[in-house]
Amino acid sequence: MYNVNNIFGIQNGYKGFYSSNYVAITPKTVNDIHKRGGTVLGTSRGGHDTKKIVDNIQDRGINQVYIIGGDGTQKGAYEIYKEIRKRGLKVAVAGVPKTIDNDIAIIDKSFGFDSAVEEAQRAINSAHVEACSAENGIGLVKLMGRYSGFIAMYATLASRDVDCCLIPESPFYMDGEGGLLQYVERRLKENKHMVIVVAEGAGQDIIAKSIPASDQLDASGNKLLLDIGLWLTHKIKDHFKSKKMEMTIKYIDPTYMIRAIPSNAADNVYCTLLAHSAIHGAMAGYSFTVGMVNGRHAYIPFYRVTSTRNKVKITDRMWARLLSSTNQPSFLSQKDIDEAREADRLANKPPLPSVANHNVARAFDQSAATSSNGEI
């Protein structure tokens, strides 16, 4: 349709640009990749040297770059776009959001999220079976979600077997009246079993009080998390031991099993539509992140999707539905609720673009013909 001459895949993430890890892509080589999990091009953390990347793009005469990944990847795409614009190159940069955490701002959801929620059901079902099979049995499942608890929340709502869901956005406490341990004890006395789902980023402030926190960062600059699943397992065991109450707890961490699966049918369709939209936008000369916004495909300025992170709103109706489904206490004080509302208000306030992008933002409604390398 567009008479494209050559298409190349960059292997192993951003560092592949200046490591010359290019591989030719043809319809035959990608014929069945949607049936496989993982990535055929490979991935890596870090390795982002913007000037080297743009040097390579310039040297090879590339005029369109499609960058697929989560919030960190989209931030990298934004840096590449700014360097390209600074040099006056006629190169379109299209970001395609792909993260199971669903933490990219503005868009309705990211590619991979539905598949992750669906696969998380297997772990929750297994935890439920194990919990039901033992007297005072507890099944504890840790799911991905460093900053955003969408997978844990939606998997909990879909399962209906979960008695407690803990996410990074909702503070909780362990001891005392209305604490998690008291709720677990009461639930076991009532039902003789329970299932707990926890996102990996939940309770990090609580763990840090009992375990010396490390300031180590991964290659992408994220602080290394302490294992909330193992920590909760030991705390619950110690509590019931002190109460001289018999119980069994099974801890399941399906993190990489979920990441490795092929996408489901809904994600396959969504990915195809994202790809079509990205191609049409890049061919028109736009630079953007593509995504579904209020049910419609849209081209979104990079600064809008990289300036904040999509998080569960614990003052919203969906979280209230979860509390109703699990019958768990909210664990929140009025101060926590007020702080959450203020955070939601600030998160919904549109960010101001930088001076370099002010004209771009002002010209948002102009036609595609205005610029061959302008950001939407």
Side-chain angles (χ1 to χ4, degrees), residues 9-19 21 37-54 56-57 65-84 93-113 115-116 143-152 167-169 199-202 204 214-225 255-256 258-260 263 267 271 274 278 287-291 299-312 347 351 353-354 357 375:
I10 313 301
Q11 294 182 309
N12 302 319
Y14 281 124
K15 65 182 181 182
F17 275 101
Y18 46 87
S19 300
N21 291 342
T39 164
V40 295
L41 291 176
T43 185
S44 64
R45 287 195 175 276
H48 190 284
D49 187 321
T50 305
K51 290 186 177 180
K52 281 187 178 181
I53 290 171
V54 178
N56 201 271
I57 290 171
V65 182
Y66 297 88
I67 300 176
I68 306 167
D71 63 317
T73 303
Q74 298 308 311
K75 288 176 182 176
Y78 187 24
E79 294 303 314
I80 291 171
Y81 159 75
K82 287 191 289 186
E83 180 65 21
I84 284 173
V93 180
V96 181
K98 184 195 72 67
T99 169
I100 65 174
D101 286 355
N102 198 39
D103 59 355
I104 295 179
I106 307 298
I107 64 174
D108 296 347
K109 66 177 178 180
S110 56
F111 167 65
F113 175 65
S115 299
L143 298 175
M144 295 187 80
R146 172 181 287 273
Y147 303 109
S148 305
F150 286 103
I151 295 178
I167 61 173
E169 297 89 337
E200 62 179 332
Q204 292 298 307
S214 169
D215 291 329
Q216 288 183 304
L217 304 177
D218 64 19
S220 296
N222 298 312
K223 186 175 180 179
L224 293 177
L225 298 177
T255 297
Y256 294 104
I258 291 173
R259 275 180 35 139
S263 56
D267 268 330
C271 182
L274 287 176
S287 288
F288 54 86
T289 292
V290 66
Y299 301 139
I300 310 160
F302 283 121
Y303 74 85
R304 289 300 306 272
V305 297
T306 58
S307 59
T308 186
R309 181 178 278 112
N310 190 26
K311 291 188 176 184
V312 173
S354 63
N357 292 302
E375 184 191 18

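Note that the OH atom of Tyr303 and the OG1 atom of Thr289 stand 12.0 Å from one another [nearest 0.5 Å]. Interatomic distance, Ile57 CD1 to Ile80 CD1, rounded to the nearest 0.5 Å: 5.5 Å. The CZ atom of Arg259 sits 6.5 Å away from the CD1 atom of Ile100 when rounded to the nearest 0.5 Å. Distance check, rounded to the nearest 0.5 Å: CZ of Arg304 to CD1 of Ile107 gives 13.0 Å. With rounding to the nearest 0.5 angstrom, the CD atom of Glu83 is 14.0 Å from the NZ atom of Lys52.
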> Going through the checks in order, is the side chain to side chain contact (heavy atoms under 4.5 Å, CB included) test met by Thr73 and Tyr14?
Replying inline: CA-CA 9 Å; Thr73 303; Tyr14 281 124; 3.7 Å; yes

>> With side chain to side chain contact (heavy atoms under 4.5 Å, CB included) as the criterion, how do Ile53 and Val65 come out once you've worked through the C-alpha distance, each side chain's angles and the decisive distance to 0.1 Å?
In response: CA-CA 11 Å; Ile53 290 171; Val65 182; over 6 Å; no

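In this structure a side-chain-to-backbone donor-acceptor pair under 3.5 Å is missing from Ser148 to Phe150. Judged by distance alone, the side chain of Glu200 and the main-chain N or O of Leu143 form no donor-acceptor pair under 3.5 Å. Listed for the Glu169 side chain is a donor-acceptor partner under 3.5 Å among the backbone atoms of Gly149. Judged by distance alone, the side chain of Asn310 and the main-chain N or O of Asn102 form a donor-acceptor pair under 3.5 Å. A distance-only check finds a donor-acceptor pair linking the side chain of Asp267 to the backbone of Gly112 [under 3.5 Å].
Residues Tyr147 and Pro168 approach most closely at O-CB, 3.7 Å, considering heavy atoms. In terms of heavy-atom proximity, Val96 sits nearest to Ala278 at CG2-CB, 4.1 Å. In plain terms, the two heavy atoms of Ile104 and Lys98 that are nearest each other are CD1-N, 4.4 Å. Scanning both residues, Asn12 and Ser44, for their nearest heavy atoms gives O-OG, 2.8 Å. Listed here is the closest heavy atom pair of Gln74 and Ile67: NE2-O, 3.7 Å. Here the closest heavy-atom approach between residue Ser263 and residue Ser115 is recorded as CA-OG, 3.3 Å.
The shortest side-chain heavy-atom distance between Asp71 and Thr99 does not fall under the 4.5 Å cut-off. Using a 4.5 Å cut-off on side-chain heavy atoms (C-beta onward), Met144 and Ile258 make no contact. Counting only heavy atoms from C-beta outward, the side chains of Val305 and Pro97 never approach each other to under 4.5 Å. For the pair Phe111/Ile68, no side-chain contact is recorded, criterion being any heavy-atom separation below 4.5 Å from C-beta on.
Taking the six-membered ring where the residue is Trp, Tyr81 and Phe302 present tilted rings, their angle falling between 30° and 60°.
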